[in-house]
> 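Just passing along the structure, written as structure tokens.
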Amino acid sequence: MSDIERLRQEADNLKNQIREARKQASDASLAEVVASVPAVQRITVRTRRTMRGHLAKIYAMHWSADSNECVTRREAAFGILTQQTRCMRFPCAPHGVMTCAYAPSGNLVASGGLDNVCSIYSLKTREGNVKVSRELSGHTGYLSCCRFLNDNEIITSSGDMTCGLWDIEKSTLVTQFANHTGDVMFLSIFPESRVFLSGACDASAKLWDIRDGQCKQTFTGHESDINAVTFFPSGQAFATGSDDATCRLFDIRADQELALYAHDQIICGITSVSFSKSGRLLFAGYDDFNANIWDSLKTERSVEWTATYKKKTNNTSHPMSIQCPDDTNSST
Amino acid sequence: MSTRVELLQNELAQLEKEVKMERMRTSETTSEIVQFCQKHQQQDRLLRPLTVAENPYKEKKSCAVL
């Protein structure tokens, strides 16, 4: 037997052991446990505010910690910081921008994309404008996502199949997270947590230890690229959205898939996912300009929410990013 | 660029770590997820809609100054 065949056999053997261990741990299904839980009442969704200013596809947006401001990124050239009553527009690198993030403190904003660089912008400058503060280079592929841990640390994910933890002040890569075998598309962090999640084009989601760089767990099940991941508000589970037209709920401590959110009529990929504050509602944005709100426990659709914004704007806007920062707001 | 053997060795090393994990029972973990949802239901305004008084986005009525 060749080396490769031997290694493959050993790997298959271990995968079977893991599959068995997960089955052993699966002594109750989510459906059984929620049988007596009442269904969610019908949800009405109303557009509160349409934030204009971008002329082309909005690729990403991120809410501030206090839910009063959000930053959005356009395919090229500029970002828009929207506060409740005013809007601040600022130029950023003229490359295809794919992601943006707001620091929890509200002092910084980050963005990046096809330039492979994560640019950090300072919002609290003496002159009152927005300025580039640092440029974090090192990734050899596009920057797909970034999230601040604090004003000095940011985690990035990239088309080069790795994630990175950066020291912003020194502009250096502190830890590299390498184990995915496909472009990493999204990451999710949880406050005060030692771990973070990534979703990739290898159809797997991975849980990483922030400090030692190790991949702790790998979650398989999806049949195509994972485009979005988000922690359940307790931090003990997470949801994913994929090109296989399904969202899934994974349990971290039981190390397995708990639920599938799919429908025969849904055949397009999911580009973004977000939980409501209690975790009961799972918002998902789809490639066909629609969004669905799922009852996360009963795996039923609470509202099929067709894009009303499609009628309002001149350009088609694409629900690439859904965020539920607090109880009252979600934006697409 | 890693060779196929190196890639398989990496995969194997990772699987060897993951197989050792102590997994909790889903009966326990799913109950906790359900409990979390129920505990925070009242604060989830998407589930329990705001009253007109609580709504920060309600249309303001004009007031007439006599």
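Remember, predicted model here, so these are calculated numbers, not experimental data. In what follows, chains are A, B, ... by sequence order, proteins preceding strands, each numbered from 1.
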> Using the rule given for side chain to side chain contact (heavy atoms under 4.5 Å, CB included), can you reason through K216(A) versus M21(B), listing the C-alpha separation, both sets of side-chain angles and the distance that settles it, and then say yes or no?
CA-CA 9 Å; K216(A) 294 275 167 234; M21(B) 181 188 169; over 6 Å; no
> With a 4.0 Å cut-off on N to O distance, would you call K15(A) and E18(B) a salt bridge?
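A salt bridge is absent here (no side-chain N lies under 4.0 Å from a carboxylate O).
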> Does the side chain of L12(B) reach to within under 4.5 Å of the side chain of R6(A), using non-hydrogen atoms?
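The answer is no, as the side chains (C-beta and beyond) never meet within the 4.5 Å cut-off.
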> Measure the spacing between CD1 of I4(A) and OG1 of T3(B) and express it to the nearest 0.5 Å.
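Going from the CD1 atom of I4(A) to the OG1 atom of T3(B) covers 7.5 Å.
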> Taking side chain as everything from C-beta outward and backbone as N, CA, C, O, which of these in A237(A) sits under 4.5 Å from a heavy atom of chain B? Side chain, backbone, both or neither.
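For A237(A), the side chain is the part near chain B, not the backbone.
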> Side chain from CB out, backbone as N, CA, C, O: work out which of these in L258(A) comes under 4.5 Å of a heavy atom of chain B, or both, or neither.
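It is the side chain, since no backbone atom gets that close.
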> Taking atom CG of D251(A) and atom CE of M24(B), what is their separation to the nearest 0.5 Å?
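CE of M24(B) is found 8.0 Å from CG of D251(A).
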> So, do T29(B) and Q236(A) sit near enough that their side-chain heavy atoms are less than 4.5 Å apart?
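A side-chain contact is absent here, since even the closest heavy-atom pair is not under 4.5 Å.
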> Within a strict 4.5 Å, meaning less than it, do heavy atoms of the N10(B) and N179(A) side chains meet?
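No, their side chains stay 4.5 Å or more apart.
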> Does the R25(B) side chain pair with the main chain of A28(A), one donor and one acceptor, at a distance under 3.5 Å?
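Answer holds: no.
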> In residues 190-201 of chain A, which residues are in contact with chain B at a heavy-atom separation under 4.5 Å?
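Expected list: none.
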> Between atom CD of Q43(B) and atom OG of S276(A), what is the distance when rounded to the nearest 0.5 Å?
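Result: 11.5 Å between the selected atoms.
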> Looking only at heavy atoms, what is the nearest atom pair of S278(A) and D44(B), with distance?
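Where S278(A) meets D44(B) most closely, the heavy atoms are OG-OD2, 2.6 Å.
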> Taking S2(A), G279(A), S26(A) one by one, which has the highest count of heavy-atom pairs under 4.5 Å against chain B?
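Option with the greatest count: S26(A).
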> What part of Q24(A) is in contact with chain B, defined as an atom under 4.5 angstrom from a non-hydrogen atom: side chain, backbone, both or neither?
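Just the backbone, heavy atoms under 4.5 Å.
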> If I take atom CD from residue E11(B) and atom CG from residue L14(A), how far apart are they, to the nearest 0.5 angstrom?
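Interatomic distance, E11(B) CD to L14(A) CG, rounded to 0.5 Å: 9.5 Å.
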> Decide yes or no for K277(A) and H40(B): does some side-chain heavy atom of the first lie under 4.5 Å from some side-chain heavy atom of the second?
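No, every pair of side-chain atoms sits at 4.5 Å or beyond.
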> Donor-acceptor pairs are to be reported for all side-chain atoms of residues 30-37 of chain B against protein atoms at under 3.5 Å, with residues two or more places apart or in another chain.
from: T30(B); atom 1: OG1; to: T26(B); atom 2: O; distance (Å): 2.5
from: S31(B); atom 1: OG; to: S27(B); atom 2: O; distance (Å): 2.6
from: E32(B); atom 1: OE1; to: R253(A); atom 2: NH1; distance (Å): 3.4
from: E32(B); atom 1: OE1; to: R253(A); atom 2: NH2; distance (Å): 2.8

> Would you mind checking which part of T218(A) comes under 4.5 Å of any heavy atom in chain B, side chain (CB onward), backbone (N, CA, C, O), both or neither?
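For T218(A), the contact with chain B is made by backbone and side chain together.
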> Decide, yes or no, whether a salt bridge links R23(B) with D255(A) under the criterion of side-chain N to carboxylate O below 4.0 Å.
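The answer is yes: the pair qualifies as a salt bridge.
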> Within a strict 4.5 Å, meaning less than it, do heavy atoms of the E10(A) and L8(B) side chains meet?
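The answer is no; the side chains never approach within 4.5 Å.
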> Assess whether atom CD of E16(B) is packed by more than 12 heavy atoms of other residues, nucleotides or ligands within 6.0 Å.
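Counting other residues, nucleotides and ligands, CD of E16(B) exceeds 12 neighbours.
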